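Treat the numbers as computed from the prediction; the structure is a model and nothing was measured.
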Amino acid sequence: MTQRPLPRRTVLAGTLTGTLAVGALAACATTPSGPETGSAAQSMPTSSPRSTAPSSRQPTPSATSSPEPTTSPPASPIEGWSLEELVGQLLIVGVPAAVASPEHAEIVAQVHAGGVFLHGRSTEGTQATRAVVASYTDLAHRAGLLVATDQEGGAVQVLSGPGLSTIPAAEDQALLDPEVLTAHAAGWGTELAAAGVTMNLAPCADLVDTLAPSDNAPIGAWGRQYGTDTDTATAGALAFNEGMRSAGVEPVVKHFPGLGRVTENTDIAAGVVDSTTVRDGDPAVGVFAAAVRAGARAVMLSSATYLLIDAGAPACFSPVVVTDMLRGDLGFTGVVMTDDVSAAAQVQAWSPGERAVLAVRAGVDVVLASANARVALEMAQALVAEARADADVAARVEQAALRVLALKGVPGA
């Protein structure tokens, strides 16, 4: 299972020094990215000599008449962007949560990262975290940065200290009435927003229903699940989601199509498989379907391999899971992102560049390199090179960048 199950094309070597006009990139796309900018002005008709003979023709406008005003379509939000800048929107790079890091700031700038992930643990509180965030957001010269972290509660809470509540684990949150949980989540989201965070990689919508929770290493063993039945898991995940959104923090529902039935953790083990979950009518998938119907705008993928859905690839590299299932079956139109693929043991059989290319080819919009920011450089180079070599990848990069910009609220995206 640790052997590479995907046929892989060679990822071309590339650099981040060249640029590619967006117009050329758009010409490769299979669908237009939006209306073309600029339109030829309507020309002024000239007057003709007057004639005394009767005529059925309409009189020509006089020299003093004005043509009907024309309205140019709005410019595309990515007009004038280089390919490197577009690729950068597809990358969220891990940075230390507790302290500003010049080394990480240089990586964020080099890859034109679309977002940062506050990684590790910080007990410094709201004001200190906001200062750390500012050291990175000041680098964003195009569309601003998504500022993400893991603030689920329980064992998974990156930020704490003055101004930040201690959040209970999801299994304890689920004991609250949904309306009460939504109110609590709104409060936690308000605290995150005050710290400069704009995205929370939560809630876990993973249904732990086939194992004793403690046997489910990534979720159940830590109490990260909202329930062991579909209704309870759905109610908790949706309540948390709604509260975060109401506070202006974008929640990310994870880990599609569900990590509640595996025994090992993809962060520290390779060859992790789910032999239970199926594509159609599965209650675990149903929790995510409910989140999509409720308006979820971002979904994170699992890195496990689902033997009854696509045995040939981890979910984050699988067009069946991403494009056919999540986008097709569930009708999801928002941003799809990977779990961390910088250091996770499950994906170490592929180079960092291969991981990024395979994910984007599968339909992913954001590649998360949270645990090891340095690999983001190789990921960006590989995506640039592949987009220059393959029109399909170029189209996918543009499509994904526009989805990210739309999530950021950029007009016209």
Side-chain angles (χ1 to χ4, degrees), residues 16 77 81-82 84-151 157-164 189-202 244 247-252 298 300 335 337-343 352 356 365-381 383 400-401 404-405 407-410 413:
L16 290 172
W81 286 40
S82 68
E84 288 82 356
E85 289 171 322
L86 287 175
V87 163
Q89 290 300 305
L90 279 60
L91 297 172
I92 290 183
V93 177
V95 298
V99 62
S101 164
E103 177 191 359
H104 288 80
E106 183 177 354
I107 295 171
V108 169
Q110 277 189 277
V111 302
H112 308 283
V116 295
F117 174 86
L118 301 179
H119 177 65
R121 291 291 186 272
S122 170
T123 59
E124 300 302 312
T126 302
Q127 295 305 316
T129 301
R130 192 169 189 89
V132 171
V133 168
S135 71
Y136 299 106
T137 55
D138 288 347
L139 302 172
H141 66 286
R142 282 289 195 181
L145 289 177
L146 291 170
V147 180
T149 196
D150 266 334
Q151 202 80 344
Q157 179 172 341
V158 171
L159 304 176
S160 61
L164 294 161
T190 299
E191 294 172 354
L192 286 175
V197 174
T198 64
M199 173 179 276
N200 187 6
L201 306 191
M244 282 287 152
V249 173
E250 195 65 53
V252 180
M300 177 186 285
V335 168
M337 67 186 297
T338 69
D339 200 345
D340 176 56
V341 289
S342 66
D365 303 306
V366 171
V367 177
L368 177 62
S370 59
N372 180 5
R374 295 175 185 84
V375 303
L377 296 166
E378 183 179 338
M379 289 176 171
Q381 291 170 346
L383 284 169
V404 173
L405 294 180
L407 190 68
K408 293 178 177 180
V410 174

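Across all non-hydrogen atoms, the minimal contact from A371 to A343 is CB-CB, 3.7 Å. Scanning both residues, A97 and V158, for their nearest heavy atoms gives CB-CG1, 3.7 Å. L192 and N200 get closest at one heavy-atom pair: CD1-ND2, 3.9 Å. In terms of heavy atoms, L368 sits closest to F117 at CD1-CB, 4.2 Å. Closest approach of W81 to A143, counting heavy atoms only: CH2-CB, 4.2 Å. Closest non-hydrogen pair, T190 versus A247, comes out as N-CB, 3.4 Å.
Side chain of R130 to backbone of G125: no donor-acceptor contact under 3.5 angstrom is found. The backbone N or O of D340 lies less than 3.5 Å from no partner atom in the side chain of S370, so there is not a single donor-acceptor pair. No donor-acceptor pair under 3.5 Å is formed between the side chain of S122 and the backbone N or O of L159. For the pair T198 (side chain) and E250 (backbone), a donor-acceptor distance under 3.5 Å is absent.
By the neighbour-count criterion of 12 heavy atoms within 6.0 Å, atom CZ of R121 is densely surrounded, having more than that number from other residues, nucleotides or ligands.
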Q. Would L145 and V133 satisfy side chain to side chain contact (heavy atoms under 4.5 Å, CB included), going step by step from the backbone distance to the final call?
A. CA-CA 10 Å; L145 289 177; V133 168; over 6 Å; no

Q | Residue pair V341, M379: steps toward the side chain to side chain contact (heavy atoms under 4.5 Å, CB included) verdict | A | CA-CA 10 Å; V341 289; M379 289 176 171; 3.9 Å; yes

Q. Would V367 and I92 count as a side chain to side chain contact (heavy atoms under 4.5 Å, CB included) if you check the C-alpha gap in whole Å, the side-chain angles of each, and the deciding distance to 0.1 Å?
A. CA-CA 6 Å; V367 177; I92 290 183; over 6 Å; no

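Between the NE2 atom in H112 and the CZ atom in R142 there is a gap of 9.5 Å [rounded to 0.5 Å]. For the atom pair CG of L86 and CG of L383, the computed distance is 11.5 Å after rounding to the nearest 0.5 Å. Summarising the geometry, atom CE belonging to M199 is positioned 11.5 Å from atom CG belonging to D150; distances are rounded to the nearest 0.5 Å. L407 CG to Q89 CD: the interatomic distance, rounded to the nearest 0.5 Å, is 11.0 Å. Distance check, rounded to the nearest 0.5 Å: CG of L146 to NZ of K408 gives 5.0 Å. Between the CD1 atom in I107 and the CG atom in L91 there is a gap of 11.5 Å [rounded to 0.5 Å].
In this structure, the side chains of Q151 and V197 stay at 4.5 Å or more apart for every pair of heavy atoms.
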